[in-house]
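Numbered from 1 within each chain, the chains take letters A, B, ... in sequence-line order. Here the structure is a predicted model, which means the values were calculated and not measured.
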Amino acid sequence: MMKTVNLILKSLVLFVFTSSSLPCFAQDDLEKELATTTPGHQKVTSTFKSTKLINGHSNETLYKNDFDFKVDHRFGDIAGNNGGIKQFFGLDNSTDIRIGFEYGISDHLTVGLARAKGATAVSQLYEGSLKFRLLEQTTDNQVPLAVTLFGSNTIAAVKASEDPTSATAYNKFSDRMNYVGQVILARKFNSNFSFELMPTYIHRNFTAFRDQNTLFALGAGGRMKFSKRMALVVDYFIPFRNSADKAYLEEKNAAKFYDPLGVGLEIETGGHIFHINFTNATAIEEMQLIPSTTSSWTKGQYRWGFSIARRFSFAKKEKEPK
Amino acid sequence: MKKLIYLLLYCTIPMVAQGQDMLISKNASVAFFSSTVVEDIEATSTTASSVLDLKSKNIIFRVNNTSFQFRKKLMQEHFNENYMESDKYPYSEFKGKITDDVDLSKDGNYIVNVVGNLNVHGVTKTYQTKATLTVSQGTTTAKATFRVRIEDHKIKIPTIVFKNIAEFVDVRVSAVYQPKKP
């Protein structure tokens, strides 16, 4: 009995020693040495390609010293009463135009300035914004979500209305201020699919009679890449309105409120990003498109729009180490 | 029993010896340069790793593609996403052998020929280059440069940026090795 145990032990020892020494001759063993050097906690990059989806922001910010110039355009209704061939499917009209500049103060903080026409009576808009990347998703899922904060202040420069019930009957300068605060929670599920949620707070210092000053909304957006440089982008917002005020306004304006939905094609060429999109929202600024969209997809009141973004890098050349 | 001891000794000796002959570098540097009339592009990684086996003269260099640092971060993003496809091919690797008969246990400068396979973007190609090895007081330094043709590794350059990226990219590698700790 003891003898067999001994033999087994001996052969076991022999096996361990031979197997540990022999592979040293092979190159595989060198590879084994390298296996331990794999870095952990790598940041997930390009959850989205642009700082914006269609109507909403993405979690992306610019890199330090990057400058982004962007033009957004929304045409008139494609179909419905105001569309069709007579208006050349909306191309004769433009409901909103926005020209925006963004600059990366750091890899985490982007500042923006923009001018938009504005789609409702609240027009001639100037927007200042700050966007801060709070958390970045990691490849090992130690951080499973990316979190970005967005805040903007939009000032309406339109001439004040005489009608005290109107949305533009401004008495003082601060009446013209509108604020948007957003927490953008994004996750890149795989190299082709990313999704985000955008809990949104909107405060308008002055609104039409019985319109809400403060409004909460929830946005969702996604990007589905189908080729190396092209992707389908979608975003949607649900504003949470007070139902009594909503009914009053809908009756008074003889127009219902609808949730803005945008669907678009994103084309990336390395430096340029083009969006060709369809949305029922007439406005481009968040403070306007989320609470004031009164056009519906089902009535043909969707439009095509586009955005062109060009990014420039002003990254300084690092000094060569001597 | 005696036989067994001999056998054990025989087996363990090469293991110990191998351990001492194995040199490792965990912060090797890999840099590349692309130069055209329109634009000069360069990127460096200082977190590459390399192992050199003095006995078999096998050498491996491995670099994590996402560790390359570019001056323009957007370029770095494009490099990983559109050109290297780093999520599919996270590493670039060179596995080769020093073909000259040199004794690297003595201090000195050696210029040696290295032949091996370079795997970039999932495509393997054989390369041959000259490397400089410096052995001094227990540390070994290796340096080499070679040219890589982007097309050889099936990295597609879109026509729109064709003028910005060179057809051949110069790669410079260097490593300072320490003996493997037993």
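Of the listed residues (V51(B), V161(B), T66(B), L52(B)), the one with the most heavy-atom contacts under 4.5 Å to chain A is V51(B).
The environment of CD in Q128(B) is crowded: more than 12 heavy-atom neighbours from other residues, nucleotides or ligands sit within 6.0 Å. In the displayed structure, D101(B) atom CG is contacted under 6.0 Å by at most 12 heavy atoms of other residues, nucleotides or ligands. For CZ of F162(B), the number of neighbouring non-hydrogen atoms (other residues, nucleotides, ligands) closer than 6.0 Å is 12 at most. Counting non-hydrogen atoms of other residues, nucleotides and ligands closer than 6.0 Å to CZ of R187(A) gives a total above 12. More than 12 heavy atoms of other shown residues, nucleotides or ligands fall within 6.0 angstrom of atom NZ in K228(A). At most 12 non-hydrogen atoms from other residues, nucleotides or ligands lie less than 6.0 angstrom from NZ of K143(B).
In this structure, the separation between CE on M75(B) and OH on Y63(A) is 12.5 Å, given to the nearest 0.5 Å. Within the model, atoms CG of L74(B) and CG of N65(A) stand 13.0 Å from one another, a figure rounded to the nearest 0.5 Å. One finds the OG atom of S86(B) at 9.0 Å from the CD atom of Q42(A) (value rounded to the nearest 0.5 Å).
Here the closest non-hydrogen pair linking D87(B) and S191(A) is OD2-CB, 2.7 Å. Shortest non-hydrogen contact noted between R71(B) and A315(A) is NH1-O, 2.7 Å. Contact record, P158(B) with R229(A): CG-NH2, 3.4 Å, taken as the closest heavy-atom pair.
Contact check on E81(B) versus K49(A) returns a salt bridge, with a Lys/Arg side-chain nitrogen under 4.0 Å from an Asp/Glu carboxylate oxygen. E77(B) and R311(A) are not joined by a salt bridge, as no carboxylate oxygen comes within less than 4.0 angstrom of a charged side-chain nitrogen. With respect to the salt-bridge test (charged N to carboxylate O, under 4.0 angstrom), the residues K73(B) and D66(A) do not qualify.
With a 4.5 angstrom heavy-atom cutoff, S50(B) touches chain A only via backbone atoms. Interface remark: N190(A) contributes no atoms to any contact with chain B (heavy atom separation under 4.5 Å). Proximity to chain A is absent for every atom of Q76(B), based on heavy atoms less than 4.5 angstrom apart.
You'll find the side chain of E268(A) reaches within 4.5 Å of the side chain of N82(B), heavy atoms only.
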